[in-house]
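Down below is the structure, laid out as structure tokens.
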Amino acid sequence: MNTLLSLRGVTKRFGGLVAVNRMDFDVAQHQVLGLIGPNGSGKSTTMNLISGAFPVSSGVITLRGQPITSLAAQDIARRGISRTFQLVRLLPSMSVLENVKAGAVFGHRRHWGPDADAIAETMLEKVGLAGRGHMMVGQLTYIDTKRVELARVLAAEPKVLLLDEWLAGLNPTELEEGIRLIRGLRDEGRTILLVEHVMDAIRSLCDRCVVMAAGTKIAEGTPAEVLSDPTVIRAYLGDDDA
Ligand SMILES: Nc1ncnc2c1ncn2[C@@H]1O[C@H](COP(=O)(O)OP(=O)(O)O)[C@@H](O)[C@H]1O
Ligand SMILES: [Mg+2]
């Protein structure tokens, strides 16, 4: 197993709250790892620690064996980790193309000018937005803003993609399309850490899953294994009662 991304003892405290508690997991090259768990279990915080949005309280995160734990977010992006946000974050005053171009400019390799334009056009085509680069982000439907965000991530030419509930809020038809898009990325052999609530997506996309509850890893295995694990079922049922 060729490990790309690795977390060891990764912990995040917000004041007295331990949002992420000694997390350990590895993401192998070409693997789709699902990070799942009830609301508030620490999934987005884990993504934020990996992408450098928040500093870790303790523990080590490595990319290809190199520690990235204390790097700034832009340096982590340069190393090849690119992400989407649970709430779509695009620049509304910029066109679709410019938003995607930002991925190429600030991503793993520095692309400029026509080179960045070409990459952005290619990625827009890939996510099904060919010819829409001139539109303003504010004119787009919700799923199309999600597509733009995915195109921006891809334009960064990441070694590891972090997708935080990229499928959330889609209607059933859009969801099918969204799952198809991510499956396409998977089939290209990309390495993906996927935070997801949609069970169909977890079952059909993930090679393995890590399950979190209250900041802690409570299970790890194939989707079939973890989704039939009584501890996991209890954690999710507890969430429904809350
Ligand atoms: N910036 C922050 N400041 C304080 N507490 C936070 C912050 N971000 C997340 N939390 C808390 O950390 C816990 C985990 O949140 P989060 O990682 O967003 O969970 P999930 O993505 O699994 O729903 C929650 O209790 C949340 O309120
Ligand atoms: Mg979240």
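Just follow the structure's listing: the first ligand is 1, and inside any ligand the first atom is 1. Computation of the quantities below employed the complete heavy-atom set of this structure, encompassing side-chain atoms and omitting hydrogens, waters and symmetry-equivalent molecules.
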*By number and element, which atoms of ligand 1 are closer than 4.0 Å to a non-hydrogen atom of Phe54?*
1 (N)
*Give the atoms of ligand 1, by number and element, whose distance to some non-hydrogen atom of Asn39 is under 4.0 Å.*
23 (O)
*Go through the structure and list residues passing salt bridge (Lys or Arg N to Asp or Glu O under 4.0 Å) with Lys159, not counting sequence neighbours.*
none
*asked:* Any heavy atom of Gly37 closer to ligand 1 than 4.0 angstrom?
replied: no
*May I ask you to identify, for Asp164, whether its side chain, its backbone, both or neither come under 4.0 Å of ligand 1 on a heavy-atom basis?*
neither
*Which ligand 1 atoms are under 4.0 Å away from a heavy-atom of Ser44?*
17 (O), 18 (O), 20 (P), 21 (O)
*Sub-3.5 Å donor-acceptor pair from the side chain of Arg147 to the main-chain atoms of Leu124, do we have one?*
no
*asked:* Distance under 4.0 Å to a non-hydrogen atom of Gly40: what atoms of ligand 1 satisfy this?
replied: 13 (C), 14 (C), 19 (O), 20 (P), 22 (O), 23 (O), 24 (C)
*Does any N, O or S atom in Met47 come within less than 2.8 Å of the Mg ion (ligand 2)?*
no
Residues 211-224 side chain polar contacts: donor-acceptor under 3.5 Å, at least two apart:
unit_1, atom_1, unit_2, atom_2, d
Thr216, OG1, Asn21, ND2, 3.4
Lys217, NZ, Asp24, O, 2.7
Lys217, NZ, Glu220, OE1, 2.6
Thr222, OG1, Glu225, N, 3.1

_Does Arg8, at its CZ atom, have more than 12 non-hydrogen atoms belonging to other residues, nucleotides or ligands within less than 6.0 Å?_
yes
_I'd like to check which ligand 1 atoms, numbered from 1 as shown, lie under 4.0 Å from a non-hydrogen atom of Thr45._
9 (C), 14 (C), 15 (O), 16 (P), 17 (O)
*Decide if atom CZ of Arg132 counts as having more than 12 heavy atoms of other residues, nucleotides or ligands within a radius under 6.0 Å.*
yes
*asked:* Whether Glu149 and Lys146 form a salt bridge (side-chain N of Lys/Arg under 4.0 Å from carboxylate O of Asp/Glu) is what I want to check.
replied: no
*asked:* I need the atoms of ligand 1 closer than 4.0 Å to a non-hydrogen atom of Ala19, numbered in the order shown.
replied: 12 (O), 13 (C)
*asked:* So if I count the atoms of ligand 1 from 1 in the order they appear, which ones are less than 4.0 Å from some heavy atom of Ser41?
replied: 19 (O), 20 (P), 22 (O)
_Side-chain ion pair, Lys101 and Asp117, N-O less than 4.0 Å_ = yes
